[in-house]
Amino acid sequence: MRQPQLSSIVERRLLVNYRVAPDAAVRLLPRPLRPQLVNGYAVAGICLLRLGSVRPVWAPKAFGLRSENAAHRIAVEWDGPEGVETGVYIPRRDTASRLNAWAGGRLFPGELGRADFEVHETPGRMRVALATSDGDTRVDVTVEPSDELRGSELFTDLAEASRFFQDGVKGFSATSSGRHLDGMELSTNAWHVEAGRVRSAASSFFDDPDRFPPGSATLDCALIMRDVPASWLPLPAMASERGAQLAS
């Protein structure tokens, strides 16, 4: 079945980013993906995304749905037919929407788990917490808007960070079969992000010492996207090999 292009409003998108030792990132990636390095680090993070007005592009806006979603991501590159391409690998996606969880991997690319979300937002502070239904993953993040990007060892300023993530809008998600990755691309002609200041961040994914040995994953920065119209374009599935690669 042909999967539809989806239209939406990105009501809120928090990108909470970690700088990661390349060998730790390599172990989490299926072939043919490899870490995209910035200043000698791999880049990984959590995307905490509230989408509104989600619907097939041909459907009236009144039929759009709203949901809280989360994705754990690693910036990657791979060899495409015309050279090196960049995007993100998503080992885990979760949603508060039962419909999304059922439709993911069926009606649109990307299998999703279920999670309960707790969200508190004001103009000056955003807290998003989640716990997955399978008990595997917990996240609790508080971010405040900032007038500039401070303290990052990955990016010199907001403009550089914005370009990096704008160039990485192709996402490939793990699937239960392990034989391929589902692909989807974010498309918008209104790309805009703000700098964020992380007040607190806890993630069972990044705090797991078996996945990330002590010192191999360090909180780096946060970006905020709000009220941006965006489409989601299905991409051809990417053949993959289950299991981690070995660092060279």
Side-chain angles (χ1 to χ4, degrees), residues 13-49 69-94 104-105 108-113 137 152-155 160-187 191 193 203 205-206 208 211-213 216-223 225 230 232-248:
R13 186 187 190 210
L14 294 183
L15 293 176
V16 180
N17 305 306
Y18 290 73
R19 54 183 185 271
V20 173
D23 59 342
V26 165
R27 288 193 292 268
L28 301 176
L29 298 178
R31 295 179 178 88
L33 303 177
R34 55 185 182 265
Q36 183 183 6
L37 302 185
V38 176
N39 294 331
Y41 296 105
V43 182
I46 313 160
C47 174
L48 299 167
L49 177 68
N69 308 275
H72 288 76
R73 305 147 35 100
I74 303 170
V76 294
E77 60 184 29
W78 64 94
D79 296 320
E82 299 182 3
V84 175
E85 300 186 44
T86 60
V88 294
Y89 169 63
I90 304 165
R92 175 159 196 141
R93 289 183 185 271
D94 293 286
F108 57 82
E111 298 175 13
L112 295 111
T137 303
S152 173
E153 294 186 24
L154 294 172
F155 310 109
E160 185 177 69
S162 178
R163 285 192 299 270
F164 178 84
F165 290 104
Q166 190 171 11
D167 289 341
V169 291
K170 293 180 179 180
F172 286 91
S173 304
T175 59
S176 54
S177 74
R179 295 189 297 271
H180 73 277
L181 305 175
D182 280 349
M184 183 173 280
E185 180 177 358
L186 183 158
S187 176
W191 180 275
V193 295
S203 163
F205 184 85
F206 287 102
D208 179 357
R211 186 179 286 120
F212 296 102
S216 65
T218 304
L219 187 66
D220 187 84
C221 64
L223 300 177
M225 176 181 282
W232 303 86
L233 316 177
L235 297 172
M238 179 186 290
S240 71
E241 296 181 35
R242 184 190 293 271
Q245 302 186 54
L246 296 177
S248 58

Practice problem: With the side chain counted from C-beta on, respond yes when Gln36 and Val76 share a heavy-atom pair under 4.5 Å apart, and no when they do not. | Solution: no
Practice problem: Applying side chain to side chain contact (heavy atoms under 4.5 Å, CB included), run through Glu160 and Ser152 and close with a yes or a no. | Solution: CA-CA 11 Å; Glu160 185 177 69; Ser152 173; over 6 Å; no
Quiz item: Counting N and O atoms only, with roles assigned by atom type, does the side chain of Asn69 sit under 3.5 Å from a partner on the main chain of Arg93, one being a donor and the other an acceptor?
Solution: no
Quiz item: Is Asn39 reaching over with its side chain to a backbone N or O of Leu154, donor-acceptor style, under 3.5 angstrom?
Solution: yes
Quiz prompt | Nearest-0.5 Å distance that lies between atom CG in Leu33 and atom CD in Glu241 | solution = 11.0 Å
Quiz prompt | Minimum-distance pair of heavy atoms, taken over all atoms of Ala42 and Leu37 | solution = N-CD2, 3.7 Å
Self-check item: Main-chain N/O of Ser176 paired with Glu111 side-chain donor or acceptor, under 3.5 Å
Solution: yes
Practice problem: Check whether any side-chain heavy atom of Val193 lies under 4.5 Å from a side-chain heavy atom of Phe165, and answer yes or no. | Solution: no
Practice problem: Might you point out which heavy atoms bring Ala75 and Val88 nearest each other, and give the distance in Å? | Solution: CA-CG1, 4.2 Å
Practice problem: Check step by step if side chain to side chain contact (heavy atoms under 4.5 Å, CB included) holds for Leu219 and Phe206. | Solution: CA-CA 9 Å; Leu219 187 66; Phe206 287 102; over 6 Å; no
Quiz item: Any sub-3.5 Å donor-acceptor pair from Thr86's side-chain atoms to Asp167's backbone N or O?
Solution: yes
Exercise. Mind checking the CG-OG spacing from Leu29 to Ser240? Nearest 0.5 Å is all I need.
Key: 11.0 Å
Quiz item: What's the verdict on side chain to side chain contact (heavy atoms under 4.5 Å, CB included) for Leu186 and Trp191, showing C-alpha distance, side-chain angles and the deciding distance?
Solution: CA-CA 10 Å; Leu186 183 158; Trp191 180 275; 4.3 Å; yes
Quiz prompt | Met184 side, atom CE; Leu235 side, atom CG - distance, nearest 0.5 Å | solution = 8.0 Å
Quiz item: How long is the span from the OH atom in Tyr41 to the OG1 atom in Thr218, to the nearest 0.5 Å?
Solution: 7.0 Å
Practice problem: Taking all heavy atoms of Pro22 and all of Gly40, pick out the closest pair and write down the distance. | Solution: CG-O, 3.4 Å
Practice problem: For the residue pair Pro32 and Met238, establish whether any side-chain heavy-atom pair is separated by less than 4.5 Å. | Solution: yes
Exercise. Could you walk me through whether Arg34 and Asp79 pass side chain to side chain contact (heavy atoms under 4.5 Å, CB included), step by step?
Key: CA-CA 10 Å; Arg34 55 185 182 265; Asp79 296 320; 2.9 Å; yes
Exercise. Provide the closest heavy-atom pair for Leu28 versus Arg211 in the form atom of the first, atom of the second, distance.
Key: CD2-CG, 3.7 Å
Exercise. Using a 4.5 Å cut-off on heavy atoms from C-beta on, say whether the side chain of Arg13 contacts that of Cys47.
Key: yes
Exercise. Please round to the nearest 0.5 Å and tell me the distance separating atom CZ of Arg73 and atom OG of Ser173.
Key: 10.5 Å
Quiz item: Is any side-chain heavy atom of Tyr89 closer than 4.5 Å to a side-chain heavy atom of Pro30?
Solution: yes
Quiz item: Does the side chain of Asp94 reach to within under 4.5 Å of the side chain of Arg92, using non-hydrogen atoms?
Solution: yes
Quiz item: Do you know the tightest heavy-atom contact between Val20 and Ala44?
Solution: CG2-CB, 3.9 Å
Exercise. State, yes or no, whether a side-chain contact exists between Val169 and Ser187 at a heavy-atom distance under 4.5 Å.
Key: no
Practice problem: Search all heavy atoms of Gly45 against all heavy atoms of Tyr18 and return the closest pair with its distance. | Solution: CA-CD1, 4.2 Å
Quiz item: Is Phe164 close to Phe155 at the side-chain level, that is, under 4.5 Å between some pair of heavy atoms?
Solution: yes
